[in-house]
Amino acid sequence: MKTINCRFGEIDFDPANTLKTPRGFIGFEDLRDFIVMPKRNEGPLFWIQSADDPAIAFLLTDPTQFFPEYQVGPDKEESALLDIGPNDSCFVLSVVTVHPDQTITLNLAAPVLFAPETNNAVQVILEGATYQTRTPLPTTAPTAAAAAK
Amino acid sequence: MLVLTRKSGEGILIGDDIKITVVGMRGNSIRIGIDAPRSQKVHRLEVYERIQEQNREAVRWEPADFENLESLFNTPAQQEQP
C-alpha cells in the first residue's frame with residue numbers, strides 16, 4: 001500500500017490496482033496512474049486522483065446518461081492501448097469541468113475510453129465531429145425526488 | 001524551429017514514415033496532405049490546445065464543488081454506473 005496526501009486528505013491505495021492511462025490525459029501526458037475514488041453516493045459523478053501528483057484530480061461522469069445518442073468506441077490503435085480485444089467491454093466517460101460560477105460542462109470533444117477488464121483508460125480527440133469541449137448539461141425537468149426536497 | 005520554403009506539390013519527410021505535402025493554396029489557406037501511420041495521431045493544433053486547456057481547467061475543482069454539484073445533476077433515470 002502507498003499513501004498520497006491530497007486535497008481530499010490522506011488516501012491509502014494499492015499501486016497494483018490503479019487506473020492506468022498509457023498515454024496520460026491531454027496536457028498531463030506524464031501522469032499515468034490514477035486512484036479511482038470510491039463513490040460517496042448514488043450520483044453520476046466520480047473522481048480519479050493522480051497517484052503521482054496530489055494536485056491533479058479529474059471529475060468524470062457517464063455522458064450517455066445525459067446524451068443517450070453519444071456513442072464512442074475505440075479504434076484498433078486505441079484498443080491496443082487499452083489492451084482489449086473486440087469482445088471486451090469499453091465505456092465512454094467525460095471529463096467534467098466545474099466553472100467558477102458553479103456551472104458544469106462536459107468535454108464531449110475528448111472523451112475518455114475506459115476498459116474495465118484491463119483497468120486502462122485513454123483520452124481520445126474526436127476529429128471532425130461537432131462535439132464541444134464545454135458542452136452544458138441538457139436542461140431536464142427536475143425529477144420527482146429532487147422536486148420533493 | 002526549422003523553417004522550410006515549399007511550393008505547391010512539394011513535400012517534407014519527417015522521420016521514416018511521415019510525409020507532408022503542400023496540396024494547394026487558396027487565398028490565406030494552405031491545403032496540406034499528411035501520410036502517416038495510423039498509430040500517429042494527427043490533430044489540428046488549435047483543437048489539441050483547446051482540449052489541453054479544458055483539461056487544465058477541469059482539474060481546478062474543489063471537494064466542496066463535488067458536494068454541491070451532485071444535487072445539480074438531474075439524471076433522467078438512475079442507471080448502473082460502469
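Letters A, B, ... mirror the listed sequences (proteins, then strands); counts begin at 1. Worth saying up front: this structure is predicted, and the values here are computed from it rather than measured.
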Inset, instruction - Determine, for A:E77 against B:K41, whether the closest basic-nitrogen to carboxylate-oxygen distance falls under 4.0 angstrom. - result: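 Yes, charged N to carboxylate O under 4.0 Å.
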Legend entry - Residue A:A55 versus chain B: region with a heavy atom under 4.5 Å: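 Contact with chain B is through the backbone of A:A55 alone.
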Inset, instruction - Examine whether an atom of A:E29 lies under 4.5 Å from a heavy atom of chain B, and if so say whether it belongs to the side chain, the backbone or both; otherwise answer neither. - result: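 Only the side chain of A:E29 comes within 4.5 Å of chain B.
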Count the heavy atoms of every other residue, nucleotide or ligand shown that sit under 6.0 Å from [atom1] of [X], and state whether that count exceeds 12.
| X | atom1 | result |
| --- | --- | --- |
| B:N28 | CG | no |
| A:D14 | CG | yes |
| B:R6 | CZ | yes |

Inset, instruction - Please answer whether the main-chain N or O of A:F25 pairs with a side-chain N or O of B:Q52 as donor and acceptor at a distance below 3.5 Å. - result: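 No, the answer is negative, given that no donor and acceptor are paired below the 3.5 Å cut-off.
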Legend entry - Donor-acceptor contact present, side-chain B:W61 to main-chain A:V96, <3.5 Å: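 Answer holds: no.
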How many angstroms lie between [atom1] in [X] and [atom2] in [Y], if you round to the nearest 0.5 Å?
| X | Y | atom1 | atom2 | answer |
| --- | --- | --- | --- | --- |
| B:I51 | A:N107 | CD1 | CG | 6.0 Å |
| A:I56 | B:R60 | CD1 | CZ | 10.0 Å |
| A:I26 | B:E49 | CD1 | CD | 12.0 Å |

Inset, instruction - Count the heavy-atom pairs under 4.5 Å between each of A:S89, A:G27, A:P68 and chain B, then report the option with the highest count. - result: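 Among A:S89, A:G27, A:P68, the one with the most close pairs to chain B is A:G27.
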Inset, instruction - Report the C-alpha distance between A:Q123 and B:N55 in whole Å, list the side-chain angles of each, state the deciding distance to 0.1 Å, and finish with yes or no for side-chain contact (heavy atoms from CB on, under 4.5 Å). - result: CA-CA 11 Å; A:Q123 188 174 31; B:N55 275 346; 2.8 Å; yes
Legend entry - Considering all heavy atoms, the nearest A:T133-B:Q54 contact: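 Shortest heavy-atom contact: O-CG, 3.5 Å.
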Legend entry - Greatest number of heavy atom pairs closer than 4.5 Å to chain A - which of B:R44, B:R50, B:R38: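 The residue among B:R44, B:R50, B:R38 with the greatest pair count is B:R44.
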